[in-house]
Amino acid sequence: MKLLLDTANVGLIEKYNDIYDIAGVTSNPTILAREGGAFRAQLLAIREIIGSKELHVQVVANTYEDMLHEAEFILKKFGAESYVKVPVNEVGIQLMKNLKLSGYNVTATAVYTVEQAILAASIGADYIAPYFNRMVKLGMDAAQNIRNIKSIYQQHNLKTQILAASFQSIEQITEAILAGADAVTASPELYTAMLSNPHVDEAIEKFAKDWQSAYGYHKIFEL
């Protein structure tokens with residue numbers, strides 16, 4: 001199971017890359033626009049922080065030719081470890097097929113249906129990114145969709161991994177992993193929330209009081 005950061009905030013990436021065993025960073029046009037920085041400089045700063053870890057960058061053009069040029073730019077500027085994110089529509093499938101033939105890493109994004117996942121895997125996409133919370137908002141059973149996709153991939157020995165995305169709560173992250181997601185990408189705030197528990201805080205406080213009653217405020221290395 002892999003954990004990725006779904007943000008383009010350089011400060012947060014630096015912080016959470018130090019705390020957790022992050023496999024990489026995902027971005028999209030909305031996330032990058034939110035930070036308001038220069039596109040190339042922003043992604044180069046992220047690459048410097050994460051080193052050779054995965055960096056997922058989405059194309060924004062509409063035509064095959066322009067999307068291809070953007071994909072070439074992404075690989076050239078941000079390194080061979082970069083993953084070109086491509087929405088799963090017909091032109092996207094065509095682009096991803098040819099990118100894979102040329103040796104690119106590809107993430108099929110904006111996945112809402114099992115059918116999209118089948119087509120993306122058929123051309124060898126490295127990842128598919130099902131949008132969990134967006135499916136929920138549409139009244140779809142997001143967890144069941146992931147289970148169905150996982151079942152098909154296993155039945156046919158397909159190597160495409162499920163990178164679940166678009167989360168609004170830690171419960172949704174857990175649901176996606178239980179359903180069979182190979183990886184999840186979420187905001188740093190959600191990872192922090194996964195460790196927020198008043199019972200844990202209470203236990204830590206009790207340990208501290210018991211220690212102080214026996215050893216005062218000395219640290220272990222001082223005794």
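On a predicted model such as this, the values are computed, not experimentally measured, just so you know.
Atom-to-atom distance recorded for Glu90:CD and Gln94:CD is 8.5 Å, nearest 0.5 angstrom. Atom CD1 of Ile152 is separated from atom OG1 of Thr160 by 12.0 Å, given to the nearest 0.5 angstrom. A distance of 11.0 Å separates CG of Asn89 from CG of Leu119, quoted to the nearest 0.5 Å.
Using a distance-only test at 3.5 Å, with no hydrogens or angles considered, a donor-acceptor pair links the side chain of Gln116 to the main chain of Thr113. Remark: the backbone N or O of Ala80 is paired with a side-chain donor or acceptor of Asn105 at under 3.5 angstrom. Side chain of Tyr191 to main chain of Leu4: a donor-acceptor pair is present (N/O by atom type, distance under 3.5 Å, no hydrogens or angles). Side-chain N or O atoms of Tyr153 include none that pairs as donor or acceptor with a backbone N or O of Asn148 at under 3.5 Å.
Within the structure, every pair that satisfies the salt bridge (charged side-chain N to carboxylate O under 4.0 Å, His left out) test and touches residues 198-219, not counting sequence neighbours, is listed here: Glu205-Lys209, Lys206-Asp210. Within the structure, every pair that satisfies the salt bridge (charged side-chain N to carboxylate O under 4.0 Å, His left out) test and touches residues 97-107, not counting sequence neighbours, is listed here: Lys100-Asp126. Annotation: salt bridge (charged side-chain N to carboxylate O under 4.0 Å, His left out) contacts involving residues 128-145, sequence neighbours excluded, are absent. Every pair passing ring pair (Phe, Tyr, Trp, His ring centres under 6.0 Å) that includes a residue from residues 94-117 is listed here, sequence neighbours excluded: Tyr112-Tyr131. Within the structure, no pair that satisfies the salt bridge (charged side-chain N to carboxylate O under 4.0 Å, His left out) test touches residues 6-22, not counting sequence neighbours. Applying the side chain to side chain donor-acceptor pair (under 3.5 Å) test to every pair with at least one member in residues 36-57, sequence neighbours left out, gives these pairs: Lys2-Glu54, Asn17-Lys53, Arg47-Ser82, Glu54-His56, Glu54-Tyr127, His56-Thr107.
When the side chain to side chain contact (heavy atoms under 4.5 Å, CB included) test is applied to Ala61, the partners found at least two apart in sequence or on another chain are Asp66, Met67, Glu70. Partners of Asp182 according to the side chain to side chain contact (heavy atoms under 4.5 Å, CB included) rule, which considers only residues two or more places apart in sequence or in another chain, are Lys150, Gln161, Ile162. Evaluation of the side chain to side chain contact (heavy atoms under 4.5 Å, CB included) rule for Leu190 yields Phe167, Ile170, Ile173, Ala186, Ser187 as partners, not counting sequence neighbours. Here Asn197 pairs with His199, Val200 under the side chain to side chain contact (heavy atoms under 4.5 Å, CB included) rule; sequence neighbours left out.
The minimum heavy-atom distance between Ile31 and Ala8, with the atom names listed, is CG2-N, 3.3 Å.
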Worked check of side-chain contact (heavy atoms from CB on, under 4.5 Å) between Leu68 and Asn98: CA-CA 9 Å; Leu68 177 59; Asn98 290 323; over 6 Å; no

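Using a 4.5 Å cut-off between side-chain heavy atoms of Ile, Leu, Val, Met, Phe, Trp and Tyr, Leu223 falls into a hydrophobic cluster with Trp211, Tyr215, Ile220. Residue Phe221 is found outside any hydrophobic cluster, as its side-chain heavy atoms come under 4.5 Å of no other Ile, Leu, Val, Met, Phe, Trp or Tyr.
When side chains are defined from C-beta on, Ile46 counts as touching Leu55, because their heavy atoms get closer than 4.5 Å. When side chains are defined from C-beta on, Asn157 counts as touching Lys159, because their heavy atoms get closer than 4.5 Å.
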